[in-house]
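In this text the structure is predicted, and so the values were computed from the model without any measurement. Note on naming: letters A, B, ... go to the chains in the order of the sequence lines (proteins, then strands), and numbering restarts at 1 for each one.
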Amino acid sequence: MVAFRAPKGVPDYVPPRSEHLLAVREAMVAPLRLAGYGYLELPVFEDTALFARGVGETTDVVSKEMFTFVDKGDRSITLRPEGTVGAVRAVLEAGLERGALPVKLWYAGPMFRYEQPQSGRQRQFTQVGAEALGSDDPALDAELIALADTAYRSLGLTQTVLHLATLGDPEDRAGYSSRLREWLRPRVGGLDAETDRRIELNPLRVLDDKRPEVRAATADAPLLTDVIGPEAKAHHEAVRRHLTDLGVAFVDDPRLVRGLDYYRRTTFEFIHPLLGAQSTIGAGGRYDGLSEAIDGPPLPGIGWALGVDRTLLALEAEGVLPAEAPRAQVFFVPLGSEAKARSVTLAGELRRAGIAADLAYGDRGMKGAMKAADRSGAAYAVVLGDRDIEAGEAQLKDLREHAQVAVPLDALVETLREKLQ
RNA sequence: GUGGGUGUAGCUCAGUUGGCAGAGCACCGGGUUGUGAUCCCGGUUGUCGCGGGUUCGACCCCCGUCACUCACCCCA
């Protein structure tokens with residue numbers, strides 16, 4: 001029993017799992033760099049009103065899941081529940097929308113939502129996000145989706161399914177909403193207060209309800225797809241075509257519903273079938289009205305966020321975790337204090353030469369130190385005792401071949417450098 | 001916020017009708033004066049989540065509480 005535990009819903013990652021998490025993050029970023037996306041470093045908290053306006057007052061995220069507090073200057077501050085709104089704010093603050101368009105950016109870091117934790121859902125979680133602003137070209141929609149697809153593939157995931165939909169333009173959505181509202185009232189109205197509220201404020205959300213009775217009741221609800229205007233429809237068809245040209249497989253999902261208000265036209269989710277209830281490992285969409293919602297100029301945009309934690313869960317579920325990397329290439333086994341001092345020096349020299357080196361600490365004795373060498377994954381052990389120092393040499397042992405040779409001490413670094421080439 | 005499940009060694013978990021708290025793994029040491037991963041031998045670690053109650057006696061039964069976990073809601 002330890003005195004302190006991490007706060008509820010806040011995960012620690014320790015080796016070797018933390019290495020896998022880092023690898024996921026890097027794999028998500030690599031394709032973005034190859035597509036001209038620049039790095040954006042963002043604050044993890046913002047003015048509360050920014051999220052309320054940008055994400056939408058009626059969303060669950062804003063209405064009940066924000067980590068909000070008042071700072072010492074009496075400002076209302078909120079730990080970011082998602083990244084897009086802050087990214088757009090930063091772009092506007094820096095005036096990037098006046099430069100070359102589109103502006104393509106990525107960021108990564110922790111997000112915070114005050115929710116009941118469960119598998120794949122933590123109060124603090126990490127996302128890699130990408131945004132492309134200043135163009136409504138459907139090729140950008142397809143590009144971003146393809147980059148996420150590439151990231152998942154490069155990690156070895158094969159079972160991820162891309163769901164694609166369009167929300168149409170605001171007028172399509174508004175018309176459909178009122179129609180759907182009328183349709184829903186007699187069918188699921190009165191079920192509970194939350195659902196009633198949702199029918200009135202954001203009826204599309206009801207279609208996302210997972211309760212069997214709601215699912216059954218809404219099975220043949222009218223579809224948004226049927227009322228999409230010609231422009232949005234053309235945009236959607238172009239996105240589908242580009243994706244097909246790029247070799248990205250997807251399924252059309254007319255019932256796909258996103259939880260944040262700023263989406264319009266393209267929306268998508270990457271779903272992993274082995275994950276249980278929280279199975280969306282990445283998602284995004286177009287948000288052409290977001291900039292105006294936070295008092296900016298008209299600025300179309302498309303973006304996504306990939307869940308780093310959930311993607312790690314997916315890797316574990318598919319059993320495609322990368323092999324553990326050795327912690328050292330060379331491991332010193334010093335016998336005695338003089339040998340310890342020489343080992344510390346030599347390990348330092350190797351590290352400066354770009355070779356991963358470690359040594360046995362404490363007075364472990366031969367056997368224990370060799371065991372530590374073995375566990376480090378090192379290819380070579382350097383055994384160093386008084387008699388070797390007197391002879392001006394070290395015993396260099398190849399831990400895989402079980403072969404050992406004496407090497408002059410002043411040639412050790414160079415010898416290892418050659419052997420590890 | 002709501003519901004189910006689980007809390008025993010660092011980790012994974014056994015623990016019989018209520019009768020001296022265990023195993024495997026890990027870790028440490030020895031078998032080898034200076035040689036690992038295999039093998040053999042030995043050893044360390046416990047507020048049985050916490051607080052009450054019942055009982056001669058509670059890891060076990062009862063009540064409460066906390067934590068973790070899965071699911072709903074919602075979402076990456």
Letter per nucleotide, 5' to 3', of nucleotides 71-76 of chain B [B base touched, S only sugar-phosphate touched, - untouched; heavy atoms, 4.0 Å]: BBBBBB

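- For residues 34-44 of chain A, the set of pairs meeting the side-chain hydrogen bond (donor to acceptor under 3.5 Å, both in side chains) definition, not counting sequence neighbours, comprises A:Tyr37-A:Glu143, A:Tyr39-A:Glu41.
- Heavy-atom distances under 4.0 Å link RNA chain B to A:Leu335 of residues 315-336 of chain A, given in residue order.
- Looking at heavy atoms from C-beta onward, A:Asp149 lies out of side-chain contact with A:Leu246 at the 4.5 angstrom threshold.
- Side-chain atoms of A:Thr68 and A:Thr78 include a donor-acceptor pair closer than 3.5 Å.
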Residues A:Asp358, A:Arg327; criterion salt bridge (charged side-chain N to carboxylate O under 4.0 Å, His left out); working and verdict: CA-CA 8 Å; A:Asp358 204 353; A:Arg327 292 191 302 281; 5.7 Å; no

Anything under 3.5 Å between a donor and an acceptor, one on a side chain of residues 371-389 of chain A, the other on a protein residue two or more places apart or in another chain? List them.
from     : atom 1 : to       : atom 2 : distance (Å)
A:Ser376 : OG     : A:Ala373 : O      : 2.7
A:Ser376 : OG     : A:Ala378 : N      : 3.1
A:Asp388 : OD1    : A:Gln395 : NE2    : 3.0
A:Asp388 : OD2    : A:Gly385 : N      : 2.8

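- Applying the 3.5 Å distance criterion, the base of B:U35 shares no donor-acceptor pair with the side chain of A:Gln395.
- Under the side-chain hydrogen bond (donor to acceptor under 3.5 Å, both in side chains) criterion, the residue pairs touching residues 12-23 of chain A are A:Tyr13-A:Asp309, A:Arg17-A:Glu316, with sequence neighbours excluded.
- For residues 51-58 of chain A, proximity to RNA chain B is found at no residue, defined as any non-hydrogen atom under 4.0 angstrom from a strand atom.
- In this structure, A:Leu144 and A:Ala130 approach most closely via the heavy-atom pair CD2-CB, 3.7 Å.
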Pairing string, 5' to 3', for RNA chain B - Watson-Crick or wobble contacts under 3.5 Å, brackets [ ] where pairs cross, | to another strand: (((((((..((((.....[..)))).(((((.......))))).....(((((..]....))))))))))))....

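- To the nearest whole angstrom, the two P atoms, one in B:C27 and one in B:A21, are 29 Å apart.
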Taking distance alone, no hydrogens or angles, what donor-acceptor pairs closer than 3.5 Å link side-chain atoms of residues 269-277 of chain A to residues at least two apart or in another chain?
from     : atom 1 : to       : atom 2 : distance (Å)
A:Glu269 : OE1    : A:Thr280 : OG1    : 2.9
A:Glu269 : OE2    : A:Arg258 : NH1    : 2.8
A:His272 : ND1    : A:Leu274 : N      : 3.3
A:His272 : NE2    : A:Glu318 : OE2    : 2.7

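- When each of A:Thr218, A:Thr225, A:Asp208 is paired with A:Arg255, the side chain to side chain contact (heavy atoms under 4.5 Å, CB included) condition holds for A:Thr218 and for no other.
- Remark: A:Arg123 qualifies as a cation-pi partner of A:Tyr114 under the 6.0 Å distance and 45° angle criteria applied to the six-membered ring.
- Taking atom C1' on both B:G22 and B:U45, the two are 14 Å apart, rounded to the nearest angstrom.
- One interatomic measurement links the two molecules: CG of A:Asp12 to P of B:C68, which rounds to 12 Å at whole-angstrom precision.
- Screening residues 328-338 of chain A for side-chain hydrogen bond (donor to acceptor under 3.5 Å, both in side chains) gives no qualifying pairs among residues at least two apart or on separate chains.
- One C1' atom belongs to B:G43, the other to B:C25, and the distance between them is 16 Å to the nearest Å.
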All N/O donor-acceptor pairs, side-chain side in residues 408-421 of chain A, below 3.5 Å, sequence neighbours left out:
from     : atom 1 : to       : atom 2 : distance (Å)
A:Glu414 : OE1    : A:Arg417 : NE     : 3.4
A:Thr415 : OG1    : A:Ala411 : O      : 2.6

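- Separating the C1' atom of B:U65 from that of B:G24 is a span of 33 Å, rounded to the nearest Å.
- A distance of about 28 Å separates the P atoms of B:A71 and B:C63, rounded to the whole Å.
- With a 4.5 Å cut-off on side-chain heavy atoms, A:Arg80 and A:Arg113 do not count as touching.
- Judged by the 6.0 Å distance and 45° axis criteria, A:Arg179 is not positioned over the aromatic ring of A:Trp183.
- Taking the C1' atom of each, B:A9 and B:G51 are spaced 23 Å apart, rounded to whole Å.
- Under a 4.0 Å N-O distance rule, the pair A:Glu46/A:Arg89 qualifies as a salt bridge.
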All N/O contacts under 3.5 Å from nucleotides 28-31 of chain B to the protein, with atom names and distances to one decimal?
from  : atom 1 : to       : atom 2 : distance (Å)
B:C28 : OP1    : A:Arg364 : NH2    : 2.6
B:C28 : OP2    : A:Arg375 : NH1    : 3.3
B:G31 : N7     : A:Lys367 : NZ     : 3.4
B:G31 : O6     : A:Lys367 : NZ     : 2.7

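- Within the structure, ring-ring contact (aromatic ring centres under 6.0 Å, His included) pairs that include any residue of residues 274-295 of chain A comprise A:Tyr262-A:Tyr287 (at least two apart or interchain).
- Across the C1' atoms, B:A14 and B:U6 are found 15 Å apart, a figure rounded to whole Å.
- A distance of about 13 Å separates the C1' atoms of B:G52 and B:A58, rounded to the whole Å.
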